[in-house]
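Values below: all heavy atoms of this structure, side chains included; hydrogens, waters and symmetry mates excluded. None of the values given here were measured: they were computed from a predicted structure.
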Amino acid sequence: MFGYNHYIRVDSGGNVIHAFSDAFEQPQEKDILVADDAERHYNPELWYNAVIPRLRYVDGDLTERTTDELATLWAQYQADHPPQPNEIEQLRIDNAGLLLELAQVQARQDQADADNAAMLLMIVEGGVV
């Protein structure tokens with residue numbers, strides 16, 4: 001009727017990582033035919049939050065992960081890949097560290113000044129000068 005074949009490509013865990021029609025791409029040796037004589041376009045939504053595969057192909061069966069499965073996999077992904085600060089956030093973190101160092105240097109300098117003043121006072125009171 002339409003004349004196109006739809007294929008999927010899976011990784012070693014059975015996750016569908018690519019889906020296409022032979023109208024636009026020729027299959028590789030390990031690609032799996034999932035529909036023949038189909039429409040020209042085949043664009044299933046493959047990724048949840050751009051990183052978790054939505055579809056699985058196991059024992060000849062193509063299934064979509066449930067909402068609970070996707071939520072569990074997403075939570076695990078976030079635990080394994082904590083968000084990194086963007087450039088501005090990193091600069092703010094760096095600046096806070098520099099301000100802390102500056103405050104520590106200033107505190108040491110203030111203490112040294114106080115020690116010097118105490119020593120001078122002791123010398124003056126002792127009649128050395």
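- Between the CD atom in Glu25 and the CG atom in Asp31 there is a gap of 7.0 Å [rounded to 0.5 Å].
- With hydrogens and angles disregarded, no donor-acceptor distance shorter than 3.5 Å links the side chain of Asn5 to the backbone of Asp22.
- Around atom CD of Gln104, more than 12 heavy atoms belonging to other residues, nucleotides or ligands sit under 6.0 Å away.
- Here the CG atom belonging to Leu91 is positioned 10.5 Å from the CG atom belonging to Leu98, to the nearest 0.5 angstrom.
- Residues Leu55 and Ile8 form no side-chain contact, since every pair of their non-hydrogen atoms from C-beta on lies 4.5 Å or further apart.
- Cluster annotation: Tyr48 is not connected to Val58 through the hydrophobic network of ILVMFWY side chains, with a link wherever side-chain heavy atoms come within less than 4.5 Å.
- In the hydrophobic clustering of this structure, Val51 does not group with Leu46; members are Ile, Leu, Val, Met, Phe, Trp, Tyr whose side-chain heavy atoms approach within less than 4.5 Å, directly or through other members.
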**Message:** Please evaluate residues Tyr4 and His41 with respect to the criterion ring pair (Phe, Tyr, Trp, His ring centres under 6.0 Å), reporting the C-alpha separation (whole Å), side-chain torsions for both, the decisive distance (0.1 Å), and the verdict.
**Reply:** CA-CA 8 Å; Tyr4 298 98; His41 296 277; 8.5 Å; no

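- Sorted by first then second residue, the side-chain hydrogen bond (donor to acceptor under 3.5 Å, both in side chains) pairs that include residues 67-76, not counting sequence neighbours, are Arg56-Glu69, Thr66-Glu69, Trp74-Gln78, Gln76-Asp80.
- A 4.5 Å side-chain heavy-atom check between Asn49 and Tyr77 finds every atom pair outside the cut-off.
- Interatomic distance, Ile32 CD1 to His18 NE2, rounded to the nearest 0.5 Å: 12.5 Å.
- Under the 3.5 Å distance criterion, the side-chain polar atoms of Asp11 are matched with a main-chain donor or acceptor of Gly13.
- Hydrophobic clustering (ILVMFWY, side-chain heavy atoms < 4.5 Å, transitive): Ile17 and Val34 are in one cluster.
- Considering Leu70, Thr63, Asn15, Val16 in turn, Leu70 is the only one that fulfils the side chain to side chain contact (heavy atoms under 4.5 Å, CB included) rule with Arg54.
- Around CD1 of Ile88, the count of heavy atoms belonging to other residues, nucleotides or ligands within 6.0 Å does not exceed 12.
- Side-chain atoms of Ser21 and Glu39, non-hydrogen and from C-beta on, never get closer than 4.5 Å to each other.
- Each of Tyr42 and Phe20 belongs to its own hydrophobic cluster when Ile, Leu, Val, Met, Phe, Trp and Tyr are linked at side-chain heavy-atom distances under 4.5 angstrom.
- Atom OH of Tyr7 is separated from atom CG of Leu33 by 5.0 Å, given to the nearest 0.5 angstrom.
- For Gln109, the side chain to side chain donor-acceptor pair (under 3.5 Å) partners are Asp113, not counting sequence neighbours.
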